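Numbered from 1 within each chain, the chains take letters A, B, ... in sequence-line order. Please read all numbers here as calculations on a predicted model, not as lab measurements.
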2 protein chains.
Amino acid sequence: MKRKPSTEATSAWIRLMRVQSRVLDCVEQDLKKAGFPPLAWYDALLELSRAPSGELRPVELERQMLIPQYSTSRLIDRLVDEGLALRRECKIDKRGQFVEITEAGRELQKRMWGAYSAAIEKYVGSKLSDADAVKLSGLLDRLGCSCGEMKLPVTSESTPLR
Amino acid sequence: MKRKPSTEATSAWIRLMRVQSRVLDCVEQDLKKAGFPPLAWYDALLELSRAPSGELRPVELERQMLIPQYSTSRLIDRLVDEGLALRRECKIDKRGQFVEITEAGRELQKRMWGAYSAAIEKYVGSKLSDADAVKLSGLLDRLGCSCGEMKLPVTSESTPLR
DNA sequence: TCAAGATTGATGCAGGTGCATCAAGTGCGC
DNA sequence: GCGCACTTGATGCACCTGCATCAATCTTGA
């Protein structure tokens with residue numbers, strides 16, 4: 001058996017697991033109560049809306065969102081079913097396709113950001129000073145480093161972040 | 001629409017979500033590769049093994065683990081199917097029952113701790129000084145407070161934590 | 001004591017996820 | 001130009017989860 005973690009590390013691990021799941025639960029619950037779909041839909045719509053012409057290859061979306069391929073494929077199915085996105089053929093690579101966000105998709109994304117940002121403020125922002133939020137981000141980044149980097153959200157005045 | 005979160009808060013939120021899911025994924029993956037069942041089984045076995053006579057009411061387990069009732073019910077089903085626990089009738093309350101950990105259950109819990117603790121060290125302990133781990137715990141606790149408190153793991157030399 | 005309500009635990013159903021695998025298309029090396 | 005490995009995306013299957021609901025039992029209050 002390998003070296004054991006310190007009690008401090010173990011304690012941080014436990015809190016990371018518990019707090020994240022609680023906070024995520026709260027946020028998802030608020031969104032659901034407001035009649036919105038799950039957060040994953042928001043993430044996908046945001047990625048699409050940010051893309052140059054509102055379209056991405058599924059494989060790009062997959063890399064942005066860090067979810068497995070089959071998961072992306074099915075998420076797109078659902079978005080398309082709801083008229084939030086549509087599949088377009090990709091002429092340069094006939095295996096592939098483009099997924100394009102629709103007007104309805106863009107609108108839903110914006111409306112969701114209202115509820116989503118309020119939830120972030122309620123469950124995170126209001127609990128932490130900005131300085132502490134920065135400290136927390138820094139510590140978390142140290143844990144994430146080994147699994148690849150994290151996209152920094154480019155923030156302009158009212159641009160939704162991810 | 002309500003007040004918007006600062007970019008610092010939003011950034012912390014994003015990292016909390018991403019880092020947790022990455023790290024959890026890594027740990028679960030390591031456990032799976034070592035041939036062990038999911039972490040939830042470990043948590044349940046640990047709670048049971050810590051209980052006074054190795055048995056708990058499902059409703060207690062549910063409260064300890066912070067998972068929904070139906071989830072507890074089915075987790076117990078699986079543990080029982082695998083011979084890691086057994087259901088005993090509860091004489092004082094005929095609606096209820098006791099779930100008792102078996103010898104096999106205790107053993108699996110101990111064996112899992114070997115792999116589990118190694119994973120914690122690998123993905124958390126080795127990335128953070130003890131002092132930073134304490135800081136991280138503190139910041140996370142501030143977020144968790146609104147959702148109820150967290151059990152502090154009582155640590156003695158080689159006692160598994162949760 | 002008895003009815004109304006709360007608590008305990010199980011379960012049918014719809015849907016989501018992970019895994020393995022497949023088919024189609026691309027592109028590289030020879 | 002051909003074959004072989006790789007990439008892209010979809011899907012069948014098993015299992016897991018959330019939701020709603022149920023039956024059984026306990027508790028409370030009049």
Check whether the side chain of A:Arg95 and the base of C:dT26 form a donor-acceptor pair under 3.5 Å. no
salt_bridge(B:Arg57, B:Asp93) N-O dist < 4.0 Å: yes
Considering heavy-atom distances to DNA chain D, does A:Lys32 or A:Thr72 have its closest nucleotide positioned more toward the 5' end? A:Thr72
Kindly give the heavy-atom pair with the smallest separation between B:Pro37 and B:Leu108, and that separation in Å. CG-CD2, 4.0 Å
Quick check: do A:Pro38 and A:Glu28 have side-chain heavy atoms less than 4.5 Å from each other? yes
Taking 4.0 Å as the cut-off, does a side-chain nitrogen or oxygen of B:Arg87 come that near to OP1 or OP2 on C:dA10? yes
Per B:Asp93 side chain, nearest of listed nucleotides C:dT26, C:dT8, C:dG9: C:dT8
Please pick, from D:dC26, D:dG18, C:dA10, the nucleotide with the shortest atom-to-atom distance to any side-chain atom of B:Gln69. C:dA10
Touch check for A:Arg57, heavy atoms < 4.0 angstrom, all strands: base, sugar-phosphate only, or nothing? sugar-phosphate
Taking for each residue the nucleotide of DNA chain D with the nearest heavy atom, is it A:Phe98 or B:Trp41 whose nucleotide lies nearer the 5' end? A:Phe98
Among the nucleotides C:dA10, D:dT17, D:dT25, whichever has the atom closest to the side chain of B:Ser71 is D:dT17
Distance, rounded to the nearest Å, where B:Asp77 contributes CG and D:dC16 contributes C1': 13 Å
Rounded to whole Å, please give me the gap between CD in B:Glu89 and P in D:dA24. 17 Å
Here the distance between atom P of C:dA10 and atom CD1 of B:Ile67, to the nearest Å, is 13 Å
Under 3.5 Å, is there a donor-acceptor pair between the side chain of B:Ser126 and the main chain of B:Glu121? yes
In this structure, how many angstroms lie between the C1' atom of C:dA10 and the CD atom of B:Gln97, rounded? 9 Å
Please give, in whole Å, the distance from C:dT7 C1' to B:Glu60 CD? 13 Å
Rounding to an integer number of Å, can you tell me how far A:Asp25 CG sits from D:dC19 C1'? 14 Å
Between the base of C:dG18 and the side chain of A:Arg74, is there a donor and acceptor pair under 3.5 angstrom? yes
Using whole Å, report how far CG of B:Leu39 lies from P of D:dT17. 13 Å
Phosphate contact (C:dT17 OP1 or OP2) by A:Arg78 side-chain N/O below 4.0 Å: yes
Rounded to whole Å, CD1 of B:Ile92 lies from P of C:dT7 at a distance of 17 Å
Ignoring backbone atoms, establish whether A:Ser73 has a side-chain N or O less than 4.0 Å from OP1 or OP2 of D:dA10. yes
Given C:dC19, C:dG16, D:dG9, identify the nucleotide with an atom nearest to the side chain of A:Tyr70. C:dC19
May I ask you to decide if B:Trp113's main-chain N or O and B:Ser117's side chain share a donor-acceptor pair within less than 3.5 Å? yes
